[in-house]
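Here's the structure we're looking at; comments come further down.
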Amino acid sequence: MSYYDKVYALVRQIPPGRAATYGQLALMTGSPRASRAVGYAMAACTDSAIPCHRVMARDGVIREHAFGPGVQRAMLEAEGVPFTPDGRVDLARCRWDGR
DNA sequence: GTTCTGACGCGGC
DNA sequence: GGCCGCGCCAGAA
């Protein structure tokens, strides 16, 4: 059980239509400052069972991932995740509370 | 064991 | 309000 597995386990618990930030997941893993490590774990995510598209920066900005550019946003929209006009995820409404 | 890098976060200018 | 720099943790070389 590496740190990655811990992060993945949390990400898999994110319900459809919800989104979480790297810092939030880092906080749940027990290392509030490990946001970078969390992001790195997501970057290495190749398992389709892990909804890594529901994880983004604190600002709601989505970075391109291994699945392809633009795919992440499409998947989120398909799940009903609200987006702001400037192309960011509206974390104010779909932010996952961790439960 | 040491060093560098990275899907980040926050404070300061 | 936007841009720059430093610090954080974990993994790979």
Side-chain angles (χ1 to χ4, degrees):
Chain A
M1 179 64 109
S2 63
Y3 186 78
Y4 277 34
D5 298 316
K6 213 187 283 186
V7 176
Y8 295 149
L10 287 172
V11 176
R12 270 190 318 197
Q13 291 176 44
I14 302 176
R18 295 269 121 149
T21 66
Y22 303 108
Q24 191 180 344
L25 292 175
L27 189 67
M28 293 173 161
T29 54
S31 304
R33 319 282 185 225
S35 54
R36 301 188 76 145
V38 174
Y40 195 66
M42 295 285 93
C45 145
T46 52
D47 194 334
S48 57
I50 303 171
C52 54
H53 57 276
R54 295 182 194 147
V55 186
M56 58 213 69
R58 201 174 177 281
D59 307 359
V61 179
I62 303 174
R63 280 313 203 212
E64 315 313 327
H65 60 132
F67 294 159
V71 177
Q72 186 163 3
R73 176 170 179 174
M75 293 178 80
L76 290 171
E77 288 185 307
E79 292 179 358
V81 175
F83 271 81
T84 59
D86 45 326
R88 304 184 192 178
V89 177
D90 193 347
L91 287 170
R93 299 188 212 213
C94 64
R95 192 170 58 151
W96 181 45
D97 50 14
R99 286 177 299 159

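For the numbers below, each heavy atom of this structure counts, side chains included, while hydrogens, waters and symmetry mates do not. Chain identifiers are assigned alphabetically (A, B, ...) following the order of the sequence lines, protein sequences preceding nucleic acid strands; residue numbering begins at 1 within each chain.
- Looking at A:M56 and A:V61, their side chains never come closer than 4.5 Å, going by heavy atoms from C-beta outward.
- For A:R73, the CZ atom is densely surrounded, since the number of other residues' heavy atoms within 6.0 Å is greater than 12.
- Two residues are said to be in side-chain contact when any heavy atoms from C-beta on lie closer than 4.5 Å; A:I62 and A:L76 meet this criterion.
- Note on A:C45: nothing from the nucleic acid sits closer than 4.0 angstrom, heavy atoms only.
- Contacts between chain A and DNA chain B, taken as any atom within less than 4.0 angstrom of a protein heavy atom, begin and end at B:dG6 to B:dC10.
- For the pair A:D90/A:F83, no side-chain contact is recorded, criterion being any heavy-atom separation below 4.5 Å from C-beta on.
- Distance CG (A:D5) to P (C:dA10): 14 Å, rounded to an integer number of Å.
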Could you write out each protein N or O paired with an N or O of nucleotides 6-9 of chain C at a distance under 3.5 Å?
{"residue": "C:dG7", "atom": "O6", "partner": "A:R36", "partner atom": "NH1", "Å": "2.5"}
{"residue": "C:dG7", "atom": "N1", "partner": "A:R36", "partner atom": "NH1", "Å": "3.2"}

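- If you check every strand for non-hydrogen atoms under 4.0 Å, A:A43 touches a base.
- A:Y4 is connected to A:Y22 through a chain of hydrophobic side-chain contacts under 4.5 Å among Ile, Leu, Val, Met, Phe, Trp and Tyr, so both are in one cluster.
- Looking only at side-chain heavy atoms (C-beta outward), A:R54 and A:P15 stay at 4.5 Å or farther from each other.
- The cluster map of Ile, Leu, Val, Met, Phe, Trp and Tyr, joined by side-chain heavy atoms under 4.5 Å apart, puts A:L10 and A:I50 in the same cluster.
- Between A:V55 and A:R58, the residue whose closest nucleotide on DNA chain B is further toward the 5' end is A:V55.
- Atom CG of A:D59 and atom P of C:dC3 are 13 Å apart (whole Å).
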Determine all donor-acceptor pairs shorter than 3.5 Å in which one atom belongs to a side chain in residues 28-44 of chain A; sequence neighbours excluded.
{"residue": "A:T29", "atom": "OG1", "partner": "A:Y3", "partner atom": "OH", "Å": "2.6"}
{"residue": "A:T29", "atom": "OG1", "partner": "A:L25", "partner atom": "O", "Å": "3.4"}
{"residue": "A:T29", "atom": "OG1", "partner": "A:A26", "partner atom": "O", "Å": "2.6"}

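- When heavy atoms are screened at a 4.0 angstrom cut-off, A:Q24 is found touching no nucleic acid atom at all.
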